[in-house]
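Worksheet for the structure shown next.
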Amino acid sequence: MNKNLDRNKLPKHVAIIMDGNGRWAAKNGLQRISGHDSGVKSVQEIVEEALDLNIPYLTLYAFSTDNWNRPQHEIGVLMNLLVKYLKSEFNKLIKNNIRLNTIGNISALPKLVQDEVKRVSEKTKNNEKMVLTIALSYGAREEIEDVVKKIALEVKNNTISIENVDQSIINRHLYTRNLPDVDLLIRTSGEQRLSNFLLWQIAYAELYFTKIYWPDFGKKDLHEALLNYQNRERRFGKTSEQINV
Ligand code: FPP
């Protein structure tokens, strides 16, 4: 544990865009697939560390709606890795009191992945130390589109009136309805963009970009990101003086 890290000032919700698996593989003279394989090891290490630090919400971007455009073979490998991860980590999730949650268009996933996601989500649904959310076939614009459709239908059916549509109603229709806003968003691999991830939920998040490729991202790198977060002043529109009274 990094001695400079203040355990009382940790973010409640950390979200990560795990990027750079392919470039990590190329750098090491390996096939892209090996990059994803090694990426799973980073997932295991970061989940464990977040748990040790008592971070209650961790959200990982594992597969975006745009990732469907990748070669079929790579999509297949990623789907198999997800199933393998859920099967191999199941006991650890139970033992460590972690709830598995997913966001995204789960029905677009192969049946095998859907079944495993449903099984693990169901068996861990009462766990409460940490909520591990995996974004699968996820896109923030698609999520917002879904929210608009759901609310429009409720207005049409007179379940809610248009005057009552506000931010809390929108929050309650998002895939993340059971999660707090993101406090810290991390993206690995040096890219500095959001790639359609949690656009509504990161309105006030601190953004942290690191050049490290995801398979090389370990617990000391997480500590560095958290330390950086702790040195930011979160003002939510107020002045520095108002925050520091
Ligand atoms: C981005 O790297 C990574 C992905 C698209 C997939 C992330 C998946 C994993 C880490 C493994 C499975 C996940 C879980 C939760 C078990 P990239 O392929 O875009 O890398 P590149 O930009 O260097 O090509």
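Each ligand, and each atom within it, is numbered from 1 in the order the structure gives. Keep in mind that what you see is a predicted model, and the values were worked out from it rather than measured.
Protein heavy atom at the shortest distance from atom 14 (C) of ligand 1 is Leu82 CD2, 3.9 Å. For atom 11 (C) of ligand 1, the closest non-hydrogen atom of the protein is Val40 CG2, 3.8 Å. Among protein heavy atoms, atom 15 (C) of ligand 1 sits closest to Ile134 CD1, 3.9 Å. Of the protein's non-hydrogen atoms, the one nearest atom 19 (O) of ligand 1 is Arg70 NH2, 2.7 Å. Ranking protein heavy atoms by distance to atom 3 (C) of ligand 1, first place goes to Met18 O, 3.1 Å. Here the protein heavy atom with the shortest distance to atom 22 (O) of ligand 1 is Arg23 NH2, 3.0 Å. Looking only at heavy atoms of the protein, atom 9 (C) of ligand 1 is closest to Asn21 ND2, 3.9 Å.
Of the heavy atoms in Arg32, only side-chain atoms (C-beta onward) come closer than 4.0 Å to ligand 1. Neither the backbone nor the side chain of Leu60 has any atom closer than 4.0 Å to an atom of ligand 1 (non-hydrogen atoms only). With a 4.0 Å cut-off on non-hydrogen atoms, Trp214 touches ligand 1 through its side chain and not its backbone. Contacts between Lys27 and ligand 1 below 4.0 angstrom, taking non-hydrogen atoms only, are absent altogether.
Ligand 1 lies within reach of Ala62, whose nearest heavy atom is under 4.0 Å from it.
Looking only at atom types and distance, the side chain of Ser64 has a donor-acceptor partner in the side chain of Asn67 under 3.5 Å away. Looking at Tyr57 and Asp183, their side chains never bring a donor and an acceptor atom within 3.5 Å of each other. Residues Asn101 and Thr133 have side chains that bring a donor and an acceptor to within less than 3.5 angstrom of each other.
Residue Asn67 has no nitrogen or oxygen atom sitting less than 3.5 Å from a nitrogen or oxygen atom of ligand 1, judged on distance alone. The shortest N or O to N or O distance between Asp19 and ligand 1 is below 3.5 Å. An N or O contact shorter than 3.5 Å is missing between Tyr85 and ligand 1 by distance.
Remark: Arg119 qualifies as a cation-pi partner of Phe90 under the 6.0 Å distance and 45° angle criteria applied to the six-membered ring.
The pair Lys111-Asp115 meets the salt-bridge criterion, with a side-chain N (NZ, NE, NH1 or NH2) lying under 4.0 Å from an Asp/Glu carboxylate O. For Glu48 and Lys219, the salt-bridge test fails: no basic side-chain N is under 4.0 Å from an acidic carboxylate O. Taking the charged nitrogens against the carboxylate oxygens, Glu224 and Lys220 have no contact shorter than 4.0 Å, which rules out a salt bridge.
Residues Pro215 and Asn21 form a side-chain contact, since some pair of their non-hydrogen atoms from C-beta on lies under 4.5 Å apart.
Listed by chain and number, the residues in a side-chain contact (heavy atoms from CB on, under 4.5 Å) with Leu112 are Val83 (sequence neighbours excluded).
Remark: ligand 1 atoms within the under-4.0 Å shell around heavy atoms of Gly22 are 17 (P), 18 (O), 20 (O), 21 (P), 23 (O), 24 (O).
Under the 4.5 Å side-chain heavy-atom criterion for Ile, Leu, Val, Met, Phe, Trp and Tyr, Val131 and Leu198 are members of distinct hydrophobic clusters.
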